[in-house]
**Q** 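First the structure, which I've put down as structure tokens, then a few questions once you've had a look.
Scope of the values below: all heavy atoms of this structure, side chains included, with no hydrogens, waters or symmetry mates.
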Amino acid sequence: MLATFKQAALRDVARWTPARLESPHSLPSDKLSSPAEGGTEHSSTTVHEPGVDEPDVVKTDGHRLVTAVGGKLRVVDVTTRKEIATADLDGGEIYGLMLDGDRALAVMRYVSGPRDSQGTRFVQVDLTAGRVTGELTVDGQFVDARVTDGIARLVLSSRPQVDWDKPISNRAPEKSREQLKRLIRNSTVDDWLPHYSLRSGGSTSSGRLVDCSRVYHPKPVDGVELLTVLTLDIDGELAKGDPVSVSGDGSEVYSNGKNLYVIDGDVDRFDPYPRADVRIAPMPRKSRTKIYQFDIAGEKAPEFVASGTVDGKLLNQYSISEHDGFLRAATTTTRQARLSGRPDSESVVTVLRARGEKLERVGSLGGLGKGERIHSVRFLGDVGYVVTFREVDPLYRIDLSDPRNPKLDGELKITGYSSYLHPVAEGRLLGIGQEATTEGRSTGLQISLFDIVSDAPQRLDQLHMEGGVSDAEHDPHAFLYWPERDLVVVPIGAHPEQRRGGALVLRIEDDHIERVGLVRHTEGDPAEAQVVRSVVVNDTLWTVSAAGAQVNDLDDLDRLDFLAFD
């Protein structure tokens, strides 16, 4: 294992030269998305696949509202509308929460190591008392997590704990290169594997997070990052997580509950310099995306299955989906046109299937949105919907019933674009995005209702808010669909017509979008009163901002209560 990593690093160092870094590498923002499932008591986090939960800053079990907005974990009784427990988790940044029973698992950031590298803390909290019952600290950035039946699968990306800063010299690149090689050759296994520290059940332990025997090296090894998948029982005693690792990096996660896929959209990228002012610049290369598949069925430890590569870049987790054992991926490929110098792009849907330890391509459909890039994707069964945009918004419908021969099955061209697509009724798809001029200039929030079962996709209705924006455009967790009332709730930011933003409430009736009202938080500073999440509990609508949680009647939107966050 160690030899494999060293060879990959030494091979890449030979072609690096120092370069300036435009912006520091940042962690992905928190995420969520999904229609409410079963029951009529409360909504759930909007997620990609039914039954596969995702971490978010607001959660509810129908009895309690649990929020990490504002940096504290707060537990609110939805009946009394009182805060019943608070956990101050050392003031750290909370990326998201996962719930099961009376326990929450909070994901937080921390800094450690000789290079002040980013690590992750998983803090388990008893919701009945706001008491911390366990804490697992690990090396590596948190990528994302998925939860099925209370079992959390947590994905981390780690880098070797080597002090790469020492050989930095923009004036002496050859000397820096030789010093880097020396550091690599002298490194040990402990420098390359992530470590952990665990406090749970009155005892503590620490050491290597993953054993060498549980590290896989799919060929070719493109860098020295390590992806690790942990398994934690949210409501059980916190443990090390029985991890498995694979050489590679990742930025997005998709899971259908049986398999978990990690997407690395920047393969061949190894930057040993973590500082914001210096980086190692790789040689020019073709844009590719690598995908890693893990088996996570049941409660067993995850197992690495296969990996594969597709041309181009995926937009986000919605760009891939598994159906009947086939993985579909929608990507945009870009290259510079020789004469004009403008990007020459097109989008393609590729179908893959695991054979041995390789995700092999079995079918593809290209030529979508030439000169444009993907803005949203949604796969529903054996049909895919892809939105591309530069000046107009083509919505493509793709027939994937024969995965080895995908076919274009319809196209709709309108101004603007949808950056998130959500099924809202039989044969209907709702798009959240921006309206635009015929030259491609955005003019404000656009919500479109599409008929996706006609001979060709059609837009049935549109709501346009001049100058408006919504977090739901780029974060599906901010989107709420409550099918029992045909209600849609999206947060909107302040815009020229009003100082405060709020939560826009809509009703989808037949072929129309009806505007029901706008819920605002009027207490406190307008910046803190920006609504970030909405939840339905019984006949009430709860909206959450950094200022507090507000309760409105679901029928007429009359304000019933407001709980301020201190």
Side-chain angles (χ1 to χ4, degrees), residues 30-69 73-79 94-107 125 127 144-154 234-235 253-257 260 317-318 321 378 380 420-425 430 432 470-472 475-491 503 505-508 519 531-544 549-552 554:
D30 49 28
K31 315 164 187 179
L32 12 145
S33 138
S34 90
E37 295 178 40
T40 57
E41 294 183 324
H42 66 91
S43 61
S44 58
T45 296
T46 297
V47 295
H48 192 166
E49 294 283 6
V52 184
D53 200 14
E54 303 176 15
D56 193 24
V57 293
V58 174
K59 291 284 187 180
T60 185
D61 59 6
H63 306 286
R64 295 167 291 206
L65 183 80
V66 185
T67 172
V69 175
L73 189 150
R74 294 179 170 88
V75 184
V76 177
D77 185 301
V78 299
T79 301
I94 303 175
Y95 292 132
L97 303 170
M98 294 160 276
L99 303 186
D100 185 47
D102 288 327
R103 299 286 178 90
L105 191 66
V107 184
V125 179
L127 297 176
D144 210 339
R146 295 294 180 268
V147 181
T148 305
D149 296 328
I151 303 298
R153 310 292 185 165
L154 311 146
I234 298 174
D235 198 29
V253 171
Y254 162 77
S255 176
N256 61 0
L260 180 141
Q317 63 155 308
Y318 287 86
S321 173
R378 194 79 194 214
L380 301 174
Y420 176 61
L421 298 170
H422 194 99
V424 291
L430 198 72
I432 313 293
S470 173
D471 286 349
D475 183 359
H477 292 159
F479 177 90
L480 170 65
Y481 173 52
W482 186 234
E484 283 76 1
R485 301 281 189 97
D486 297 318
L487 290 180
V488 167
V489 185
V490 295
V505 183
L506 308 171
R507 178 172 284 108
I508 310 301
V519 173
V531 173
V532 294
R533 296 292 185 268
S534 304
V535 173
V536 170
V537 180
N538 295 325
D539 295 322
T540 59
L541 174 67
W542 290 69
T543 51
V544 179
Q550 182 166 303
V551 189
N552 289 72
L554 198 58

**Q** Indicate the atoms forming the closest heavy-atom contact of Ala478 with Pro491, along with that distance.
**A** O-CD, 3.1 Å
**Q** Give the intermediate values and the outcome of side-chain contact (heavy atoms from CB on, under 4.5 Å) for residues Val544 and Leu65.
**A** CA-CA 10 Å; Val544 179; Leu65 183 80; 4.0 Å; yes
**Q** May I ask you to test the Val535-Leu480 pair for a side-chain heavy-atom distance under 4.5 Å?
**A** no
**Q** Is it the case that the side chain of Asn538 and the backbone of Thr540 share a donor-acceptor pair, with hydrogens and angles ignored and the cut-off at 3.5 Å?
**A** no
**Q** Charged N to carboxylate O under 4.0 angstrom, Asp100 versus Lys59?
**A** no
**Q** If you look at every heavy atom in Gly257 and Val52, which pair is closest and at what distance?
**A** N-CG2, 3.5 Å
**Q** Enter the distance from Tyr254:OH to Arg146:CZ here, rounded to the nearest 0.5 Å.
**A** 10.0 Å
**Q** What distance do Leu73 atom CG and Thr67 atom OG1 have between them, rounded to the nearest 0.5 Å?
**A** 8.0 Å
**Q** Starting at CD1 of Ile151, measure out to CG of Asp235 and round the result to the nearest 0.5 Å.
**A** 9.5 Å
**Q** Exactly one of Thr45, Ile234, Val66 should register a side-chain contact (heavy atoms from CB on, under 4.5 Å) with Met98. Which one does?
**A** Ile234
**Q** Before giving the answer on side-chain contact (heavy atoms from CB on, under 4.5 Å), spell out for Val519 and Val531 the whole-Å C-alpha distance, their side-chain angles and the decisive distance to 0.1 Å.
**A** CA-CA 9 Å; Val519 173; Val531 173; 5.7 Å; no
**Q** Between Leu127 and Leu99, is there a side-chain heavy-atom distance shorter than 4.5 Å?
**A** yes
**Q** Less than 4.5 Å apart, side chain to side chain, heavy atoms only: is that true for Leu541 and Ser534?
**A** yes
**Q** Within the structure provided, determine whether Pro423 and Arg378 are in side-chain contact (heavy-atom separation under 4.5 Å).
**A** yes
**Q** Asp149: which residues meet the side-chain contact (heavy atoms from CB on, under 4.5 Å) condition with it, sequence neighbours left out?
**A** none
**Q** Could you grab the distance from atom CG of Asp539 to atom CD of Glu41, nearest 0.5 Å is fine?
**A** 11.0 Å
**Q** Side chain of Glu54, backbone of His48: donor and acceptor closer than 3.5 Å?
**A** yes
**Q** Could you go step by step and tell me if Phe479 and Leu430 meet the side-chain contact (heavy atoms from CB on, under 4.5 Å) rule?
**A** CA-CA 11 Å; Phe479 177 90; Leu430 198 72; 4.1 Å; yes
**Q** When you look at Val58 and Trp542, which way does the side-chain contact (heavy atoms from CB on, under 4.5 Å) test go after all the steps?
**A** CA-CA 11 Å; Val58 174; Trp542 290 69; over 6 Å; no
**Q** Could you tell me whether a side-chain N or O of Arg533 sits under 3.5 Å from a main-chain N or O of Val57, the two making a donor and an acceptor?
**A** no
**Q** Which value, rounded to the nearest 0.5 Å, describes the distance between Arg153 atom CZ and Asp144 atom CG?
**A** 15.0 Å
**Q** Looking at every non-hydrogen atom in both residues, tell me the closest pair between Arg64 and Val75 and how far apart they are.
**A** CD-CG1, 3.8 Å
**Q** At what distance, to the nearest 0.5 angstrom, does CH2 of Trp482 lie from CG of Leu554?
**A** 8.5 Å
**Q** Tell me if a side-chain donor or acceptor on Ser43 pairs with a main-chain N or O of Val536 at a distance below 3.5 Å.
**A** yes
